[in-house]
Amino acid sequence: MKISVQRLYDSPNDYKDMIVTVEGWVRTIRSSKDFGFIELNDGTCFKNIQIVFENNVVNNYAEVEKLPVASSISVTGKIILTPDAKQPFEIKAEDIEICGVSASDYPLQKKRHSFEYLRTVAHLRPRTNTFFAVFKVRSVLAQAIHTFFQDRGFVYVHTPIITASDCEGAGEMFQVTTLDLDRIAGSKEKVDYSKDFFGKQTNLTVSGQLSVETYCMAFRNVYTFGPTFRAENSNTPRHASEFWMIEPEMAFADLDDDMSMAEQMIKYIINYVMERCPDEMEFFNKFIEPGLFDKLKVVTDSKFDHVTYTDAIKILKESKVLFENPVEWGCDLQTEHERYLTEKHFKKPVFVTDYPKAIKAFYMKVNDDNKTVRAMDLLVPQVGEIIGGSQREERHDVLVARMIEMGLAPEDYWWYLDTRKYGTVKHAGFGLGFERMIMYMTGMSNIRDVIPFPRVPKHAEF
RNA sequence: UCCUCCUUAGCUCAGCAGGUAGAGCAUGCGGCUGUUAACCGCAGGGUCGUCCGUUCGAGCCGGACAGGGGGAGCCA
C-alpha cells in the first residue's frame with residue numbers, strides 16, 4: 001500500500017506493523033557494516049521518515065548504502081512504532097527500489113548553508129528545511145487569504161497584468177512592447193507607439209486598485225490577489241521587482257470599516273497558518289526567529305490601536321528621542337518613526353490615519369479640514385508598515401480637482417471617473433504586500449528568500 | 001541611487017609584524033550491529049573576486065572595477 005509520510009505522522013497507530021510503500025528523496029544516510037539508516041523526505045511533510053535497512057534483508061544493501069544525498073527511492077517495509085526513540089516510528093525496509101541515483105556533486109550539504117549561497121541554487125533550495133517550510137507557508141497563507149475573503153462573500157477579481165494607464169502613481173513601470181528595440185536604438189526618430197502590439201504604450205501593472213474599484217461598484221465586496229511589478233532601482237531586503245499583492249475593496253464602507261477588516265484579516269490568516277503548519281512554524285520559532293510565537297501572539301490577541309497622523313507627530317516630538325530625520329507636521333513618517341510608534345510607544349500594532357494630503361495618492365478621500373486625507377497605514381513591531389489603505393474620494397468634482405492638482409490628466413482616467421458618475425458611493429480598501437506578510441509570519445528577513453525565483457535589479461536568473 | 005562592511009578548497013570559516021595556505025563539513029576508498037549535524041582511518045581538492053600599484057617579496061598595504069551582505073531613500 002502506497003502512503004504519504006504526512007498520513008503516517010497523522011495517525012501512526014493506524015499503521016502499526018503494516019507493510020507500506022513510501023517514495024521520496026534521501027536527505028541523509030548513515031550506515032555501518034550490516035545495517036543503516038536513511039532519512040527520507042517524500043514532500044508531503046516537513047518531517048522526514050527514518051528507514052532502517054539491513055544487509056541480510058534488502059537484496060541491494062551495498063548499492064543503497066552508497067547512494068548520494070538527494071537520490072530518489074521507493075521503500076516497502078513494515079511500520080515499527082518506536083516511542084522511546086527520537087522519532088515516533090520508522091520503517092523496517094524489506095525492499096528498496098532505487099529510482100534515480102543522484103550525482104555526488106549535489107550542492108546541498110547536511111550542514112547549514114548561508115541564505116546567500118542558497119540563492120545561487122534557487123532551483124534546489126526548496127529541498128532544504130528552511131525553504132521547504134517557507135514555501136509551504138507561502139502556499140497555506142495564500143489559501144488563508146482566499147478563504148478569509150470568500151467566506152465573507154468577497155468576489156475575487158483578476159485585474160490586468162498588462163495595463164495602458166501609464167501613471168497609476170505608484171512608481172516606475174516595466175514597459176511591454178513587441179517593437180524591435182535594436183532597430184529603434186539606432187534611429188533618431190520618435191517611437192511610434194501606434195505600431196506597437198496594442199497600438200499604444202503599455203506597461204506591467206503596479207497596482208490593480210483602480211481596476212478593481214470598478215468591480216467593487218458591481219459586487220460590493222471584492223479583492224485582487226496577483227503579481228505586481230515595480231521597476232524601481234531599490235535594492236533592499238524588503239523590495240522585489242516582482243511581488244504579489246492583496247487588495248480588497250468594499251463599497252458602502254468607510255475608513256473604520258476598512259481598518260476593522262484589515263485587523264480581522266491579519267488575525268485570521270496568522271491563526272490559519274499556525275493551525276495548519278505547526279511543524280514549519282515550530283521550526284521558524286526555534287531556528288529562524290526565536291520569539292516569533294510571542295510576536296505573533298501579541299498581534300492575534302491584542303486590539304489594534306489607532307492614532308491620527310497629527311497625534312503621532314505630537315507623540316514623536318514629545319518622545320524627546322533624537323531621530324536621524326527630525327519630525328515635522330507634513331513630512332512622511334520614516335521607518336525609524338514608524339518603529340518607535342509601534343514598538344516603543346504603543347507596543348502593539350497601530351493604525352496611523354489621516355495623513356497630509358500632499359504626501360498621499362490622488363484617490364484618497366479629502367477630509368473636511370482640506371489638509372488631510374482618510375488614509376491609514378498599519379504599523380507592526382519589527383517591520384513597520386505592512387498595510388496601506390484609505391477611504392476613496394467618491395465625489396466626482398473633488399476627485400477631478402485632486403488629479404489636476406497632482407499633475408494627472410483626468411481624460412486618461414475616464415473609465416475610473418465613471419465610477420463616480422454612475423451611482424457613486426463611499427468605499428474603501430487597502431493593500432497588503434503578500435511577501436511582507438510571509439516574512440512577518442516566518443521571521444525570514446530577506447524578501448528574496450520568500451519568493452521561489454526572486455526578481456530584483458540585475459537579477460532574473462532561473 | 002547613497003552610506004558601510006565583506007569576497008581564502010564544492011560549502012562554512014581560520015590565517016599573519018607583509019616571507020608563496022589550514023580546519024570542519026562535503027566528495028572518494030576502507031572500518032564499525034541502532035544511528036539521528038553518527039563515529040574512526042586514509043586520500044584527492046585552492047592561479048587566496050578581477051586588474052593595477054607599493055615592496056627584494058602581498059591572501060595580508062593602497063587604488064579602480066565586479067559580485068554579495070547590512071543600513072537609508074522609494075514603497076508593498
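Bear in mind the structure is a predicted one, so any value in this text is a computation, not a measurement. Reminder, nothing fancy here: chain letters follow the sequence lines and each chain counts from 1.
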*Asks:* Within the 4.0 Å heavy-atom criterion, would you say A:Asn233 contacts the bases, only the backbone, or no part of the nucleic acid?
*Replies:*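 Answer is base: heavy atoms of A:Asn233 come under 4.0 Å of a base.
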
*Asks:* Between C1' on B:rG67 and CZ on A:Arg119, what's the gap in Å once rounded to a whole number?
*Replies:*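 One finds 13 Å between C1' of B:rG67 and CZ of A:Arg119, rounded.
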
*Asks:* Represent RNA chain B in dot-bracket notation, 5' to 3'. Only Watson-Crick or G-U wobble pairs with both distances under 3.5 Å count; pseudoknot-style crossings use [ ] and interstrand partners use |.
*Replies:* (((((((..((((........)))).(((((.......))))).....(((((.......))))))))))))....

*Asks:* Just call it for A:Ser104: base, sugar-phosphate, or nothing, with non-hydrogen atoms closer than 4.0 Å on any strand.
*Replies:*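 It contacts sugar-phosphate atoms only.
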
*Asks:* Would you mind classifying the nucleic acid contact of A:Leu108 as base, sugar-phosphate or nothing, using non-hydrogen atoms under 4.0 angstrom?
*Replies:*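 Since no nucleic acid heavy atom lies under 4.0 Å of A:Leu108, the category is nothing.
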
*Asks:* Counting side-chain heavy atoms from CB outward, which of B:rA38, B:rU33, B:rA76 is closest to A:Met245?
*Replies:*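 Per side-chain heavy atoms of A:Met245, the pick is B:rA76.
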
*Asks:* Name the nucleic acid region contacted by A:Thr228, choosing base, sugar-phosphate or nothing; use a 4.0 angstrom heavy-atom cut-off, strictly under.
*Replies:*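 No contact.
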
*Asks:* Would you say the side chain of A:His239 and the base of B:rC75 hold a donor-acceptor pair, judged only by whether the two atoms sit under 3.5 Å apart?
*Replies:*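 Yes.
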
*Asks:* Rounded to the Å, how far apart are A:Arg448 CZ and B:rG67 C1'?
*Replies:*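 Computing the A:Arg448:CZ to B:rG67:C1' distance gives 12 Å.
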
*Asks:* Counting only distance, no hydrogens or angles, is the base of B:rC75 paired donor-acceptor with the side chain of A:Arg436 under 3.5 Å?
*Replies:*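 Indeed there is one.
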
*Asks:* Is there a donor and acceptor pair closer than 3.5 Å between the side chain of A:Gln50 and the base of B:rU35?
*Replies:*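 Between B:rU35 and A:Gln50, which were checked side chain against base, a qualifying N/O pair under 3.5 Å is present.
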
*Asks:* Check every strand shown and say whether A:Pro237 touches a base, only sugar-phosphate, or nothing at a heavy-atom separation below 4.0 Å.
*Replies:*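 The residue A:Pro237 makes sugar-phosphate contact but no base contact.
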
*Asks:* Take the angle between the ring planes of A:His345 and A:Tyr340 and call it parallel below 30°, perpendicular above 60°, tilted in between.
*Replies:*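 A:His345 and A:Tyr340: tilted rings.
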
*Asks:* Answer with base, sugar-phosphate or nothing: what part of the nucleic acid does A:Gln87 contact at a heavy-atom distance below 4.0 Å?
*Replies:*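 Base contact.
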
*Asks:* If you assign each of A:Val69 and A:Phe35 to its closest nucleotide in RNA chain B, which residue comes earlier from the 5' end?
*Replies:*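 It is A:Val69, whose closest nucleotide lies nearer the 5' terminus.
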
*Asks:* Determine whether any donor atom in the side chain of A:Glu54 lies under 3.5 Å from an acceptor atom in the base of B:rU33, or the reverse, and answer yes or no.
*Replies:*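 Result: no qualifying N/O pair found.
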
*Asks:* Is there a side-chain polar atom (N or O) of A:Asn446 under 4.0 Å from OP1 or OP2 of B:rG70?
*Replies:*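 Yes, because at least one side-chain N or O of A:Asn446 sits under 4.0 Å from OP1 or OP2 of B:rG70.
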
*Asks:* Under the 3.5 Å rule, do the base of B:rC11 and the side chain of A:Gln109 count as making a donor-acceptor pair?
*Replies:*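 Donor-acceptor pair under 3.5 Å: yes.
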
*Asks:* B:rG44 C1' sits how many Å from A:Asp105 CG, rounded?
*Replies:*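 After rounding, the reported distance stands at 15 Å.
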
*Asks:* If I take atom NZ in residue A:Lys360 and atom P in nucleotide B:rC74, what distance separates them, rounded to the nearest angstrom?
*Replies:*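 It works out to 11 Å between those atoms.
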
*Asks:* On RNA chain B, compare the nucleotides closest to A:Pro457 and A:Leu432; which residue's is nearer the 5' end?
*Replies:*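 In this pair, the answer is A:Pro457.
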
*Asks:* Using a distance-only criterion (donor-acceptor N/O pair, under 3.5 Å, no hydrogens), is the base of B:rG34 paired with the side chain of A:Glu90?
*Replies:*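 Such a pair exists between side chain and base.
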
*Asks:* Among B:rG28, B:rG34, B:rG73, which nucleotide has an atom closest to any side-chain atom of A:Thr335?
*Replies:*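 It is B:rG73.
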
*Asks:* Is the shortest side-chain N to carboxylate O distance from A:Arg7 to A:Asp42 below 4.0 Å?
*Replies:*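 Salt bridge: no.
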
*Asks:* Separation of A:Arg27 atom CZ from B:rA38 atom C1', in whole Å?
*Replies:*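 A:Arg27 atom CZ is separated from B:rA38 atom C1' by 18 Å.
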
*Asks:* Can you find a donor-acceptor N/O pair under 3.5 angstrom joining the side chain of A:Lys86 to the base of B:rG34?
*Replies:*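 Between B:rG34 and A:Lys86, which were checked side chain against base, a qualifying N/O pair under 3.5 Å is absent.
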
*Asks:* Planes under 30° and centres closer than 5.5 Å, is that true for A:Phe243 with the base of B:rA76?
*Replies:*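 One would call A:Phe243 stacked on the B:rA76 base.
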
*Asks:* Let me know the distance between CD1 of A:Ile29 and C1' of B:rA26, rounded to the nearest Å.
*Replies:*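 So the two atoms are 15 Å apart, to the nearest Å.
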
*Asks:* Can you check whether A:Tyr363's main-chain N or O pairs, donor with acceptor, with A:Arg402's side chain at less than 3.5 Å?
*Replies:*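 Here the side-chain-to-backbone pair does not exist.
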
*Asks:* Check the pair A:Phe53 / A:Phe35 against ring-ring contact (aromatic ring centres under 6.0 Å, His included), numbers first and verdict last.
*Replies:* CA-CA 6 Å; A:Phe53 61 113; A:Phe35 68 93; 8.7 Å; no

